[in-house]
Every structure is written in structure tokens, then in C-alpha cells.
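Quick notes on the structure that follows.
Proteins come first, then strands; the chains are lettered A, B, ... in the order of their sequence lines, and each starts at number 1.
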Amino acid sequence: MKRTKHRAYDDGPHAANIAGALLNWFAVHQRDLPWRRSRDAYRIWVSEIMLQQTRVETVRPYYERWLAQFPTLTALAEAPQEQVLKAWEGLGYYSRARNLHSAAQDVVARYGGEVPDDPDAVATLKGVGPYTAGAVLSIAFNRSVPAVDGNVMRLFSRLFLIEDDIMQPATRQGMEQLALALIPAGQAGNFNQALMELGALVCSPTSPKCLACPVAEYCQALAAGRQESLPVKAKAKAPRPVDVAAGVIFHEGRVLLVRRPEEGLLGGLWEFPGGERPAGATCEQALHQRIAESYGIELEIEGHLTDVRHVFTHLVWNLAACTARVAPGSPIPEESETLRWVTPDQISRYPLPVAHQKVAAALLACLSGNRQAKMRR
DNA sequence: AATGCGGGGCC
DNA sequence: GGCCCAGCATT
């Protein structure tokens with residue numbers, strides 16, 4: 001007997017009945033989603049990347065715009081990264097966009113622009129992990145591979161009364177074995193989608209709709225009255241607070257935008273220069289120091305513009321934004337790949353973090369207010 | 001195995 | 001305010 005590193009779960013005596021009930025339910029109740037109107041592997045792939053840690057209703061408008069802008073894998077591969085990030089702006093986890101872009105170029109170079117119908121090849125694509133590989137292969141090519149996401153883990157935790165922490169990799173691997181064993185022959189795509197759709201529509205995180213569930217009669221958690229207390233999931237750590245400064249720095253009617261490094265938080269996005277503030281430091285103090293250090297600019301601070309509080313998964317920005325202008329005689333940094341002087345109305349052409357979009361909105365409101373005030377005078 | 005990585009919607 | 005979401009890469 002082969003030893004398995006992951007946990008082993010038993011699909012029980014009703015596996016075939018469960019699978020059949022799920023397929024029947026899915027045939028009737030599945031939502032009409034944009035990515036279900038085609039079996040094109042590129043479209044399926046795009047949808048699966050967007051849907052990582054992201055709700056269907058959030059993804060829908062991004063997906064529609066994306067396909068209008070990048071209708072084919074080749075079109076995506078040939079687009080500049082700036083345009084790709086702009087199309088992703090606001091969706092979060094920006095490495096998804098950078099990896100998808102780079103993987104598309106990879107598919108053009110290595111597979112002639114067609115997503116390979118090959119598990120080994122798909123698994124090597126950047127940004128494609130076990131779930132996404134399984135989803136693309138099963139939905140686009142109907143290959144019998146599991147696609148276990150948060151929905152499926154929640155459903156399985158209840159259906160089979162599994163009390164292991166779903167955050168543990170070993171638990172997910174065990175559930176992948178379980179999912180594989182349940183796939184009906186020739187129905188992988190529909191079955192995997194049925195599992196996720198049931199998790200999304202019926203076996204919801206709170207208040208599961210067990211009365212409407214097609215597999216309620218097989219559900220061990222429901223039988224034990226424990227459906228509300230599963231799945232078991234470790235609590236996330238509290239986000240760490242970080243004070244941040246952002247400077248709207250004017251010079252001859254333009255403001256300074258700088259590009260964040262490719263890797264790390266908000267990688268590749270543009271922002272108003274500044275950065276982390278030492279604890280207790282004001283926006284003015286932090287800007288004087290950091291802008292001089294990084295760009296050699298001497299500043300004259302004009303005043304406070306706005307405060308933005310922004311919560312990430314693992315940290316909280318307390319962002320303070322000031323306006324300033326370049327002091328007379330100060331050196332002026334030249335434009336480069338990571339530095340631009342732009343007029344206020346051009347800011348929205350650049351992909352910005354949401355927190356900095358709010359600073360830009362405050363700036364435009366302020367400028368508009370000044371203009372109206374002048375006209376009234 | 002643990003951590004970094006967004007943003008929004010719902011209770 | 002907390003929780004969750006069609007996860008992945010890196011260490």
C-alpha cells in the first residue's frame with residue numbers, strides 16, 4: 001500500500017448518489033455567469049485567476065472589460081504591462097495580473113498561443129496552483145482532476161464531518177483525493193463546478209440553506225446539528241498598523257508620480273511619493289526627509305490634503321496626504337520608467353492603489369473647488 | 001509550515 | 001469590527 005503524506009478521508013457508501021444529486025442540482029440551479037458561456041481555455045483561465053480570493057459579483061465587471069480589452073491570449077501577451085495593471089486596478093493581489101500576463105507570453109512562446117491540454121504544462125504556468133490548474137483542466141478540457149477551493153472545503157467539511165483545520169495544506173490535499181474519488185466519469189467539469197456552486201449558493205459560510213440542499217440526506221454535519229460550526233479554520237492574525245505619508249508635489253502645474261517595485265505590496269502600481277512614516281511623525285516631517293533622501297527634492301509644504309485609512313489583509317495603512325511644491329532652486333528629477341510628472345487630469349491613466357485613488361479624488365475635488373471659488377469672485 | 005499579498009461585501 | 005471570498009509564491 002502506498003503511503004500518503006496527506007490526510008486520508010473516506011467518501012463513504014453514498015459517493016455515487018452524492019455525485020449524481022450534485023450534477024442534477026447543478027443542471028437546474030447553476031448561475032448564468034459570463035465565463036460559463038464559452039469553453040475557451042483562455043477565458044476560463046482568466047476567470048479562475050480573477051476569482052482567486054475574490055467574489056463572483058466583484059469579478060463580473062472586471063471580466064467583461066478584460067475580454068473586451070484582451071479578447072485573446074495573444075492580445076494579452078502583446079499588451080504593455082501598464083495597460084494590464086490598469087485593467088486589474090482595484091481587484092487586488094496584483095501579482096495575479098503580472099503572473100497572468102507573463103504566463104500568457106509564455107504560452108505564446110512555448111505552445112503557439114493555445115493553452116495546453118496537458119496537466120504538467122498547465123501546472124508550470126505562473127500563478128497557476130493546484131486549484132486553478134484543476135479548474136482549467138476540468139472545465140475547459142473535461143479532464144478528471146480535482147479543483148478544491150474554499151467552497152469545496154467548506155462543503156466537504158460538513159458533508160463528511162471533517163474537523164481538520166482547512167487552512168492546513170495537508171487538509172486540502174486530503175480533500176483533493178476525496179474530490180478525485182467522487183468525480184463521475186466524463187463529468188469532471190460539471191461536477192467540479194457543481195461542488196463550488198453548491199458551496200456558494202447553498203452550503204454558505206453562515207446560515208447554510210440545508211432545506212434546499214440536494215445532498216442534505218447524506219450530510220453528516222447536518223445529522224449532528226453541527227453545520228454552523230464547520231469548517232474549522234484557524235483565526236487570522238490582526239493586521240499590523242502602519243503610518244504612511246503621501247505627498248502631492250507640484251511643479252509647474254504637474255504632480256509627481258512614482259512606480260512601486262515589481263515585487264511586494266502593490267507591486268508595479270504608481271503612487272504619490274512618500275512611504276512609511278516613523279511612529280508619531282507628521283506627514284510634513286516624513287515628506288521633507290523621505291523626498292529629499294529618495295529624489296533630492298527640496299520641498300515647501302503647503303498643507304494637509306486628506307487622511308485615508310485603508311485595511312489590507314495583513315496591515316492597516318493610516319495614510320496622511322499633504323500638498324507641497326518644489327522649492328525654488330531645488331533639483332528637479334527627470335522622468336524615467338519609475339518617475340513621471342503628470343497633470344492632475346492624467347493621474348487616472350495610471351494604475352493606483354485604492355488608497356492613493358482616494359488621495360487623487362481629494363486633490364481633484366480641491367482643485368475643482370478652487371476653480372469654482374475663483375469664478376465666483 | 002508559516003507568511004505576504006487587496007479589496008469589498010455581508011453579518 | 002470580524003469574517004470570508006472559485007489561492008499562489010516564497011521561505
Residues in residues 133-160 of chain A with a heavy atom under 4.0 Å of DNA chain B, by number, are none

Here the residues of residues 93-101 of chain A within 4.0 Å heavy-atom distance, strictly under, of DNA chain C are none

Set out, line by line, the N/O atom pairs under 3.5 Å between protein and nucleotides 8-11 of chain B.
unit_1	atom_1	unit_2	atom_2	d
B:dG8	N2	A:Arg55	NE	3.2
B:dG8	N2	A:Arg55	NH2	3.2

Next item on the list: Spell out yes or no: do the side chain of A:Thr313 and the base of B:dG6 have one donor N/O and one acceptor N/O closer than 3.5 Å?
Entry: yes

Sorted by chain and number, sequence neighbours left out, side chain to side chain contact (heavy atoms under 4.5 Å, CB included) with A:Glu262 holds for A:Gln81, A:Arg98, A:Arg259

Those residues at least two apart in sequence (or on a different chain) that pass salt bridge (charged side-chain N to carboxylate O under 4.0 Å, His left out) with A:Asp165 are none

What side-chain donor-acceptor pairs closer than 3.5 Å can you find for residues 201-217 of chain A, not counting sequence neighbours?
unit_1	atom_1	unit_2	atom_2	d
A:Ser204	OG	A:Val202	O	3.4
A:Ser204	OG	A:Thr206	O	3.2
A:Ser204	OG	A:Ser207	O	3.4
A:Ser204	OG	A:Lys209	NZ	3.4

Sequence neighbours excluded, the answer for salt bridge (charged side-chain N to carboxylate O under 4.0 Å, His left out) partners of A:Glu197 is A:Arg31, A:Arg36

Integer angstrom distance from the C1' of C:dA6 to that of B:dT3: 22 Å

So salt bridge (Lys or Arg N to Asp or Glu O under 4.0 Å) across residues 147-163 of chain A, not counting sequence neighbours, yields A:Glu163-A:Arg226

Residue pairs meeting salt bridge (Lys or Arg N to Asp or Glu O under 4.0 Å), one or both in residues 69-81 of chain A, sequence neighbours left out, come to none

Checking B:dG7, C:dG7, B:dG6 against the side chain of A:Pro353 (C-beta onward), the nearest is B:dG7

Rounded to whole angstrom, note down the P distance from C:dT10 over to B:dG6. 14 Å

Taking C:dG7, B:dC5, B:dA2 as options, the one with an atom nearest any side-chain atom of A:Thr132 is C:dG7

For residues 128-137 of chain A, tabulate all N or O donor-acceptor pairs below 3.5 Å that involve a side-chain atom, not counting sequence neighbours.
unit_1	atom_1	unit_2	atom_2	d
A:Tyr131	OH	A:Glu48	OE1	2.6
A:Thr132	OG1	A:Gln52	NE2	3.0

Of the candidates B:dC5, C:dC3, C:dA6, the side chain of A:Lys235 sits closest to C:dC3

Ranking C:dC8, B:dG7, C:dA6 by distance to the side chain of A:Phe312, first place goes to B:dG7

With sequence neighbours left out, the residues meeting side chain to side chain contact (heavy atoms under 4.5 Å, CB included) with A:His304 are A:Asp307

Just list the side-chain donor-acceptor pairs under 3.5 Å for residues 273-292 of chain A, sequence neighbours left out, or say none.
unit_1	atom_1	unit_2	atom_2	d
A:Arg277	NE	A:Val244	O	3.2
A:Arg277	NH1	A:Ala281	O	3.3
A:Arg277	NH2	A:Asn318	O	2.7
A:Thr282	OG1	A:Gln285	N	3.1
A:Thr282	OG1	A:Gln285	OE1	3.4
A:Gln285	OE1	A:Thr282	N	2.9
A:Gln289	NE2	A:Glu293	OE2	3.4
A:Arg290	NE	A:Gly274	O	3.0
A:Arg290	NH1	A:Glu276	O	3.1

From CE of A:Met167 across to C1' of C:dC3 the rounded distance in Å is 12 Å

Against the side chain of A:His314, the closest entry in C:dA6, B:dC5, C:dC5 is B:dC5

